[in-house]
Amino acid sequence: KATVSVLYWKKKEKKKKIGLHMTEEASGLSWTRMNLKFIVGTTRGEQVLVDLADYLCNDGMLLVDSAPEDGKNAQKTVENFVSKIKKNMEFGFGPLFDCTLIDACCSKGVFPMSIFPVGNNLCVFAPKLHEKRSVLNLNDHCISKSCRKRAKQYTVTMHTNMDDVLTSVVRHRGENWMCDPLRKCFTHMWKNSDKYSTKLTCICIWNESGELAASEAGYAVGDIYASLTGTTEESGAGWLQLAVLGAFLRESNFTYWDFGMHLAYKSELGAKEVPRKSWLKLISSHRNRPSVDFSKLAPIPVSCAEVLERCTRRTLAKSVDEIQAAKAAKLKKKQEKREKSSAWLREQADNNKME
């Protein structure tokens, strides 16, 4: 069993320790049976304990009361969460970091997160369904001139260095929502991609010295790619990473790029805010489309300039094809109009003869 997190609960004045386990070997514990307590402060020198579930519910979060033992239960759990969440609410919470549950969240358009720290360095699974999602139609993806110039100095690898990416995140940001239990689940899903419909991947940009310059972890559901987290080690390398990743996604026939929460820089990339209902319809219509095998994109370092150039040639060729197709459609429409007019004239002539 792979222990992902440890929670403490209080029952009959005795503290017990419960190890929470991943996916197939989930412990089966439910939140309500755990009666979890945590310290929120002190009163006259005595520690104040509150029920964590009540505390988070009062803070406007929805309880995801499940510890699924199989994929079917996980799917039902997430469907219930999506159906119950109200306007002005975005987060749920639950006691278990479970790969099957995370897989179900991603496939339903729910972003897997955590709350950390709660109480005494406690991690809580906190799936998020945004009121508005930042989404880029990859047909609107563009590559700046500055990225093209910078690309000559860097190489890229895909799907080969998940540990390096997550280590870089911790080094830059410390323990945050991408907490240790969540990182373990993502790594497990990345290493065992054949077991999950959600495909985890990562991208790394390397400088001329072979050092990591920028990186990102993300996942694919059908032909929609979602960014999870990333870091930048060198100034400007983050923009290059986004440009190269966008090029890979377009080359692999992805349709949309999900950025999660909307921020200003995402608008600069062309992303638009999509309301929750529209996002759920979008993910529902695209999640069953075939995903790409990320491991074949760039298993060994490839020049970033080459990737961007390849994308440009593909885009230009597509543009030429689209222009030619539009001309052909216009010509066909004119021809149909002429034929219709000729037929009408012949019909009028025949009618005159009969008269």
Side-chain angles (χ1 to χ4, degrees), residues 2-6 20 22 97 99 102 106 111-128 134 147 150-151 153-193 198-220 225-246 248 257-261 263-266 269 294-295 297-302 304 307:
T3 300
V4 188
S5 180
V6 175
L20 298 182
M22 289 162 57
F97 289 86
C99 294
I102 290 171
C106 296
F111 195 82
M113 296 184 69
S114 75
I115 305 171
F116 177 87
V118 177
N120 187 22
N121 291 329
L122 175 69
C123 301
V124 176
F125 181 58
K128 182 177 182 181
S134 184
C147 281
R150 184 181 288 271
Q153 306 166 28
Y154 296 90
T155 56
V156 58
T157 55
M158 281 286 294
H159 203 69
T160 58
N161 302 85
M162 182 64 81
D163 291 334
D164 288 341
V165 174
L166 297 180
T167 299
S168 177
V169 170
V170 176
R171 185 171 65 251
H172 278 265
R173 303 175 185 173
E175 290 289 341
N176 57 5
W177 71 266
M178 181 65 82
C179 64
D180 182 62
L182 199 54
R183 294 197 301 272
K184 281 186 170 67
C185 286
F186 285 140
T187 303
H188 177 82
M189 293 172 71
W190 174 67
K191 290 179 178 179
N192 300 274
S193 62
T198 304
K199 305 303 179 185
L200 269 289
T201 192
C202 58
I203 180 172
C204 293
I205 303 295
W206 309 90
N207 62 21
E208 292 177 316
S209 302
E211 299 170 334
L212 187 64
S215 61
E216 177 179 316
Y219 62 86
Y225 171 83
S227 292
L228 275 171
T229 187
T231 57
T232 301
E233 304 282 350
E234 295 182 9
S235 177
W239 287 104
L240 176 61
Q241 176 255 306
L242 291 169
V244 173
L245 177 56
F248 273 133
W257 187 347
D258 170 25
F259 286 103
M261 183 175 67
L263 295 172
Y265 83 90
K266 298 172 184 178
L269 294 170
F294 286 109
S295 62
L297 290 180
I300 58 174
V302 177
C304 290
V307 175

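As the structure is a prediction and not an experimental result, all values here were calculated from the model.
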Margin query: Tell me the closest heavy-atom pair linking C99 and H188, and the distance in Å.
Written below: SG-CD2, 3.5 Å
Item checked: pair L242-Y265: side-chain heavy atoms closer than 4.5 Å -> yes
Checklist line | Contacts of type salt bridge (charged side-chain N to carboxylate O under 4.0 Å, His left out), residue K266, not counting sequence neighbours | finding: none
Item checked: Side chain proximity check, F248 to M158, heavy atoms < 4.5 angstrom -> yes
Next item on the list: Could you tell me the separation between the CD1 atom of I203 and the OG1 atom of T160, rounded to the nearest 0.5 Å?
Entry: 10.0 Å
Next item on the list: Could I get the full list of side-chain hydrogen bond (donor to acceptor under 3.5 Å, both in side chains) partners for T201, not counting sequence neighbours?
Entry: H159
Check: Who passes side-chain hydrogen bond (donor to acceptor under 3.5 Å, both in side chains) against T229, sequence neighbours left out?
Finding: R173
Checklist line | Contacts of type side-chain contact (heavy atoms from CB on, under 4.5 Å), residue C202, not counting sequence neighbours | finding: M162, V165
Check: Are V307 and V302 close enough that some pair of their side-chain heavy atoms sits under 4.5 Å apart?
Finding: yes
Item checked: Audit row: Y154, E234, side-chain contact (heavy atoms from CB on, under 4.5 Å) steps and yes/no -> CA-CA 11 Å; Y154 296 90; E234 295 182 9; 2.8 Å; yes
Item checked: salt bridge (Lys or Arg N to Asp or Glu O under 4.0 Å): pairs with one or both residues in residues 236-246, sequence neighbours excluded -> none
Checklist line | P301: side-chain contact (heavy atoms from CB on, under 4.5 Å) partners, not counting sequence neighbours | finding: T155, T157
Checklist line | Shortest non-hydrogen separation from L182 to S114 and the atoms involved | finding: CD2-N, 4.2 Å
Checklist line | Nearest-0.5 Å distance that lies between atom NZ in K199 and atom OG in S295 | finding: 10.5 Å
Notebook entry, point to check: How far apart are the C-alpha atoms of L263 and S134, what are their side-chain angles, what is the distance that settles it, and do they pass the side-chain contact (heavy atoms from CB on, under 4.5 Å) test?
Noted result: CA-CA 8 Å; L263 295 172; S134 184; over 6 Å; no
Next item on the list: Please name all residues satisfying salt bridge (charged side-chain N to carboxylate O under 4.0 Å, His left out) with E233, sequence neighbours left out, ordered by chain then number.
Entry: R171
Checklist line | Close side-chain approach of L228 to L200, heavy-atom, < 4.5 Å | finding: yes
Note to self: Among residues at least two apart in sequence or on other chains, which ones pass side-chain hydrogen bond (donor to acceptor under 3.5 Å, both in side chains) with W239?
What the structure shows: none
Next item on the list: List in chain and number order the residues that pass ring pair (Phe, Tyr, Trp, His ring centres under 6.0 Å) with Y219, two or more places apart in sequence or in another chain; answer none if no residue qualifies.
Entry: none
Checklist line | Spacing of OG1 belonging to T231 relative to CG belonging to L212, to within rounding of 0.5 Å | finding: 6.0 Å
Notebook entry, point to check: According to the salt bridge (Lys or Arg N to Asp or Glu O under 4.0 Å) rule, which pairs have a member within residues 203-213, sequence neighbours left out?
Noted result: none
Notebook entry, point to check: Is there side-chain contact between W206 and V156, with heavy atoms separated by less than 4.5 Å?
Noted result: no
Note to self: Contact between T232 and Q241 at the side-chain level, heavy atoms closer than 4.5 Å - yes or no?
What the structure shows: no
Check: Within the side chain of S168, is there an N or O that forms a donor-acceptor pair under 3.5 Å with the backbone of D164?
Finding: no
Checklist line | Value rounded to 0.5 Å, distance of CG in L245 from OH in Y225 | finding: 4.5 Å
Notebook entry, point to check: Quick one: does F186's side chain get under 4.5 Å of P112's, heavy atoms only?
Noted result: yes
Next item on the list: Side-chain contact test, heavy atoms from C-beta onward, threshold under 4.5 Å: evaluate it for V170 versus D180 and give yes or no.
Entry: no
Note to self: Holding to side-chain hydrogen bond (donor to acceptor under 3.5 Å, both in side chains), I want the full list of residues that pass it with T167, two or more places apart in sequence or in another chain.
What the structure shows: none
Notebook entry, point to check: Where do R183 and E175 come nearest, in terms of heavy atoms and distance?
Noted result: NH2-OE2, 2.9 Å
Checklist line | Residues that F294 engages under ring pair (Phe, Tyr, Trp, His ring centres under 6.0 Å), provided they are two or more places apart | finding: F254
Checklist line | CA sep, side-chain torsions, deciding dist, call: E216, S227, side-chain hydrogen bond (donor to acceptor under 3.5 Å, both in side chains) | finding: CA-CA 7 Å; E216 177 179 316; S227 292; 2.6 Å; yes
Item checked: Smallest separation among heavy atoms of C147 and A243, with atom names -> SG-CB, 4.1 Å
